[in-house]
Amino acid sequence: MIKEKSQKPAESSSSETHSQEFLDALRHSCAHVMAQAVQELFPGTKISIGPAIENGFYYDFDSPHRFTEEDFPKVEKRMREIAQGNHPFKGQEVSFEEAKKFWEARGEKYKVEILEGLKGQKITHYCHDSYTDLCRGGHLENTKLLRHFKLLSVAGAYWRGDEKNPMLQRIYGTAWATKEDLEKHLKMLEEAKARDHRKLGTELRLFAISEKIGPGLPLWLPKGAVIRSILERYIVDLERSLGYQHVYSPALARVELYKQSGHWDHFKENMYPAMQFENKEELVLRPMNCPHHIMIYKNDLHSYRDLPLRIAELGTMYRYERSGVLSGLSRVRAMTLNDAHIFCLPDQIRSEATATLRLIERVYKDFGFKNYWFRLSLRDPADKIKYVDNPAMWDKAERLLKEALSEVGVSFKEAAGEAAYYGPKIDVQLHDALGHSETLSTLQLDFYLPERFDLEYVDKDGARERPVMIHRGIVSTMERMTAFLIEHYAGNFPLWLSPVQVKILTLTDAEESPARALEEHLLAAGLRASLDLRAEKIGAKIRDAQLEKIPYMIILGPKDVAAKTLSIRLRDGRQAHGISEEKLIQELTRENASKTLSPTWLDPK
RNA sequence: GCCGGGGUAGCUCAACGGUAGAGCAAUCGCUUCGUAAGCGAUAGGUUGUGGGUUCGAAUCCCAUCUCCGGCUCCA
């Protein structure tokens, strides 16, 4: 039972005084109290599980009642009454038979099923007030500590997380130790909505999805296309400087290619169906670029001296993602991946892997990503269907990836069951605006496809040997990266990524000609400039430019024209006057190249 | 794909069985203005689509497409 160390009045304490252990207990206890309230209010509701999760809790119910958010006030009210009833949480060990009798008598079939799995282990019941749950514990001392909670949403969830099982109704809630923490969290959720790339992408005219074209098939509007082409040029130039060779390969291929690679067997249901051509050959849209790059490798006989061979491509591919998983630009059916396959000697694996990890860190620094972590994604050894069955190969690959991680000196978490079917990976995880973890970069070690495609190189002694493949993506797909950048910057892109970098706002019609001249000079200097010559008040033009999140506004009026200098306004509200055109171009060019987020050449706000 | 909730003008939303409306945006006038919304007028919709119930459907029912919150999946 968890007793909070500092028993300060909850209202005045801050989050730092509450341990994760306490918060978990609070949230788990809140789940129990919610289950009690729900069972009281909606007779016939059966309980299953209700754990604490990050920032809150949920409970999965099987109920004749269809829960909606309209039920929440009623449930919350009852929860409050229960919590204020000053009920202690009591744990009690029970025998298997006793527990089984108890849950069977109540018709709680999910609890009985959980219980069956616990046979032979210690079994405990936790009770508060009139409610009893089969639970391993981790609760508050008393329900009265539960004060700051809110129910958030109701959703479907498969029993035991298996889509073959029936779907239960899950109610999510959030719970905190203090009122301030709860309010802070609710505010964060509100703010996250404003950063959502689907909302900002629409407002800022970056991309659009047309129902006529189809779900998951985004259109890149001119402004989004600017960002994408910057990303593409950035990564291609960087990779070329590191010895990658960029290629182009077709997005269509004979289905046999994917049968040989194993993708057809593993992912057929997520591939667009084969197209028949004159009733003979069958073509598929590629769901992956690897086999194409393998064919490029096989186009030549390679000496060990040629390796490592780093074949890269902004490869466009098509996956029939299930309808329910599509989301804006982050989960789509047509995507272009910053892909590369490194064909190397076995003793080059480590240096190639460490170089790739360093490249990832270099790129993240350029984009200002700080909140990321490395995940060593391993197979589930019990699953012989999903993963290639070759334990020795897996052990070796895992060991090599761990060595690379420790050489680069980054910490990582291991995750079983997250590997690719052909080998383990290092995934780099970042959080989106709503706190969901997403994979951006990945590095996959593969001994399997070289085998399937019988890849070889000629070794020193003239013998044919098998190369190893490293699959890696740094900036992910252009779609996902763009979605991520929108949320990361909340649409306030640094200068180098801004679709429009400078907007010239004229005060009166008299400034039209100097404004056009200025725009021309900026464009000639390689800066992305545009004009606002509308017959609007300057306040309105500024407002519109602010809403477009344009980094630099040039307010051009009679005084500026007379003085032959410029008045500048930044989107953060900063202003500068009397700047010469030359100075502006010089500083913006510098800022553009530095990739900095906040311009430093003007006085801080 | 599954569970639940939504699709009304370019965008954000109202009307919830009785003639489909507002703000912003757009267009046209007037206004020529110094750091986040000047004024007026005009135009804009088979209420996602297809069926059904009804004297009458945006509203109720069925199917379907699509979006959102989750679940499952993610080479």
Side-chain angles (χ1 to χ4, degrees), chain A residues 58 60 66-70 152-172 193 196 198-199 202-203 205 208-212 214-216 258 261-271 286-291 317 319-328 330-332 335 337 339 386-387 418-423 425 427 434 436 438-439 442 444 446 448-449 471 473 480 505-512 534-548 553-560 567-571 573-575 577:
Chain A
Y58 65 79
D60 285 349
R66 294 283 138 219
F67 296 113
T68 67
E69 293 191 9
E70 277 145 43
L152 296 177
S153 61
V154 51
Y158 298 108
W159 165 234
R160 302 213 138 157
D162 187 333
E163 66 180 320
K164 291 182 202 80
N165 286 339
M167 189 155 260
L168 305 176
Q169 298 186 74
R170 175 174 297 179
I171 299 180
Y172 283 96
K193 276 190 208 157
D196 189 316
R198 291 165 300 188
K199 180 175 152 70
T202 305
E203 285 171 5
R205 295 282 127 84
I209 298 195
S210 154
E211 220 176 283
K212 285 264 171 176
Y258 285 93
S261 70
H263 288 97
W264 186 255
D265 279 347
H266 277 88
F267 298 106
K268 190 167 52 239
E269 66 288 356
N270 287 313
M271 288 173 65
R286 70 173 170 196
M288 244 302 150
N289 307 309
C290 341
M317 53 207 206
R319 296 180 181 179
Y320 186 77
E321 300 284 7
R322 296 208 277 174
S323 61
V325 308
L326 299 173
S327 174
S330 46
R331 200 72 187 270
V332 291
M335 68 215 89
L337 181 65
D339 205 0
K386 193 168 164 190
Y387 302 102
E418 294 286 352
Y421 73 86
Y422 46 70
K425 331 183 259 178
D427 292 316
L434 285 158
H436 300 144
E438 275 192 308
T439 300
T442 184
Q444 309 170 357
D446 180 5
Y448 177 72
L449 289 178
H471 308 239
R480 178 170 288 191
L505 317 180
T506 53
L507 239 74
T508 74
D509 289 347
E511 285 82 54
E512 174 167 347
R534 291 175 305 159
E536 288 288 347
K537 285 178 71 175
I538 195 66
K541 293 190 185 187
I542 288 170
R543 179 182 150 83
D544 290 344
Q546 283 291 152
L547 293 175
E548 282 181 73
M553 286 161 250
I554 313 273
I555 318 292
L556 199 63
K559 290 177 202 165
D560 307 290
S567 297
I568 297 168
R569 186 188 208 277
L570 275 65
R571 65 186 158 199
R574 272 189 277 174
Q575 292 181 34
H577 301 276

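Chain naming here is simple, since letters A, B, ... match the order of the sequence lines and numbering starts at 1 in each.
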Checklist entry - Ignoring hydrogens and geometry, is there a side-chain-to-backbone donor-acceptor pair from A:R480 to A:S330 under 3.5 Å? => result yes

Describe the nucleic acid contact of A:G262 in one word from base, sugar-phosphate, nothing, applying a heavy-atom distance below 4.0 Å.
-> nothing

Open item on the list: What's the gap between B:rU59 and B:rG48 when it is taken at their C1' atoms, as a whole Å value?
Closed with: 16 Å

In whole angstrom, give me the gap between the P atoms of B:rU47 and B:rC60. 15 Å

Check: Is a donor on one side and an acceptor on the other found under 3.5 Å between the side chain of A:K541 and the backbone of A:T506?
Finding: yes

A:Q575 has its side chain closest, among B:rA36, B:rU35, B:rC74, to B:rU35

Judged by nearest nucleotide, the residue sitting upstream toward the 5' end of RNA chain B, A:E163 or A:I209, is A:I209

> Run the side-chain contact (heavy atoms from CB on, under 4.5 Å) check on A:R331 and A:E321 step by step: do they pass?
Replying inline: CA-CA 8 Å; A:R331 200 72 187 270; A:E321 300 284 7; 3.1 Å; yes

Exercise for review: Using the C1' atom on both, measure B:rA14 against B:rC55 and round to a whole Å.
Suggested key: 27 Å

| Check: A:Y258 side chain, A:M288 main-chain N or O, donor-acceptor pair, under 3.5 Å | yes

ask   = Would you say A:R543 reaches B:rA25's phosphate, i.e. side-chain N/O to OP1/OP2 under 4.0 Å?
value = no

Remember a base hit wins even if backbone is also touched, and classify A:G539 as base, sugar-phosphate or nothing at under 4.0 Å, heavy atoms. sugar-phosphate

Notebook entry, point to check: Across the strands shown, which category fits A:N270 at heavy-atom distances under 4.0 angstrom: base, sugar-phosphate, nothing?
Noted result: base

(request) Under 4.0 Å between any heavy atoms, over every strand shown, what does A:H263 touch: base, sugar-phosphate, or nothing? Just pick one. (result) base

The side-chain hydrogen bond (donor to acceptor under 3.5 Å, both in side chains) partner of A:D196 among A:R198, A:K199, A:K193 is A:R198

Subject >> Separation between the P atoms of B:rC24 and B:rA20, rounded to whole Å >> reply: 24 Å

(Q) Can you tell me if A:R198 touches the phosphate of B:rC68, counting only side-chain N or O atoms and a distance under 4.0 Å to OP1 or OP2? (A) yes

Which of B:rU32, B:rC71, B:rC74 is nearest the side chain of A:R170? It is B:rC71

Answer with yes or no whether the side chains of A:T439 and A:K425 bring together a donor and an acceptor at under 3.5 Å.
no

ask   = Counting only N and O atoms by type, is there a donor-acceptor contact under 3.5 Å from the side chain of A:Q444 to the main-chain atoms of A:G423?
value = no

Regarding A:K559, tell me which of base, sugar-phosphate or nothing describes its non-hydrogen contacts under 4.0 Å with the strands shown.
base

Rounded to whole Å, the CZ-P distance (A:R322 to B:rG70) equals 17 Å

From OH of A:Y320 across to P of B:rU72 the rounded distance in Å is 20 Å

Out of B:rG34, B:rC65, B:rA36, minimum distance to the side chain of A:I542 belongs to B:rA36

Are the side chain of A:Q169 and the backbone of A:V154 linked by a donor-acceptor contact shorter than 3.5 Å? no

message = Please report the distance separating the P of B:rC68 from the corresponding atom of B:rU54, rounded so that it comes out in whole Å.
response = 37 Å

Please classify the nucleic acid contact of A:K386 as base, sugar-phosphate, or nothing, using heavy-atom distances under 4.0 Å. sugar-phosphate

Just call it for A:D560: base, sugar-phosphate, or nothing, with non-hydrogen atoms closer than 4.0 Å on any strand. base

Rounding to 0.5 Å, atoms CG (A:L507) and NZ (A:K537) come to a distance of 11.0 Å

In whole angstroms, the gap separating C1' of B:rC71 from CH2 of A:W159 amounts to 15 Å

Of the candidates B:rU32, B:rC71, B:rA37, the side chain of A:Y172 sits closest to B:rC71

Open item on the list: Please determine whether a side-chain nitrogen or oxygen atom of A:R569 lies at a distance below 4.0 Å from atom OP1 or OP2 of B:rA36.
Closed with: yes

Looking only at heavy atoms, the pair that brings A:H263 and A:Y421 closest together is N-OH, 3.4 Å

What's A:R66 touching, base or sugar-phosphate or nothing? Going by heavy atoms closer than 4.0 Å. sugar-phosphate

Could you work out the separation of B:rA57 and B:rC73 based on their P atoms and round it to a whole Å? 46 Å

note: A:L547, atom CG; B:rA36, atom P; distance rounded to Å ~ 12 Å

Among the nucleotides B:rC73, B:rG10, B:rA36, whichever has the atom closest to the side chain of A:R205 is B:rG10

It should be established whether A:K425 places a side-chain nitrogen or oxygen under 4.0 Å from OP1 or OP2 of nucleotide B:rA75. yes

What contact category does A:A155 fall into here, base, sugar-phosphate, or nothing, at under 4.0 angstrom with non-hydrogen atoms? base

When rounded to whole Å, the CD to C1' distance for the pair A:E511 and B:rC33 reads 10 Å

Nucleotide N/O to protein N/O under 3.5 Å, stretch nucleotides 26-28 of chain B:
none

Notebook entry, point to check: Quantified in whole Å, what is the C1' atom distance between nucleotide B:rC13 and nucleotide B:rG7?
Noted result: 13 Å

- C1'-based separation of B:rU12 from B:rU32 [nearest Å]: 32 Å

A:M167 CE to B:rG69 P, in whole Å, measures 16 Å

- Task: Ignoring hydrogens and angles, tell me if any N or O in the side chain of A:E511 forms a donor-acceptor pair with the backbone of A:T508 under 3.5 Å.
- Result: yes

Q) A:L326 near the nucleic acid: base, sugar-phosphate alone, or nothing, with a heavy-atom cut-off under 4.0 Å? A) sugar-phosphate

5'-most contact on RNA chain B (nearest-nucleotide basis), A:L556 vs A:D544, goes to A:D544

Query - Heavy-atom donor-acceptor pair, A:R170 side chain to A:G156 backbone, under 3.5 Å - result: no

When rounded to whole Å, the CD to C1' distance for the pair A:E69 and B:rG6 reads 12 Å

Rounded to whole Å, CZ of A:R319 lies from C1' of B:rC74 at a distance of 7 Å

For A:Y158 and A:R160, which I'm curious about, is there any donor-acceptor pair between the side chains at under 3.5 Å?
no

Regarding the side chain of A:A535, the nearest nucleotide among B:rC71, B:rA75, B:rU31 is B:rU31

So what does A:P287 touch, heavy atoms closer than 4.0 Å: a base, only the sugar-phosphate, or nothing?
base

**Prompt:** Which part of the nucleic acid, if any, lies within contact of A:S567, taking any heavy atom under 4.0 Å across all strands shown: a base, the sugar-phosphate backbone alone, or nothing?
**Reply:** base

One should report the stems of RNA chain B, each a stretch of at least three consecutive Watson-Crick or G-U pairs at distances under 3.5 Å, as B:1-7 with B:65-71, B:10-13 with B:21-24, B:26-30 with B:38-42, B:48-52 with B:60-64

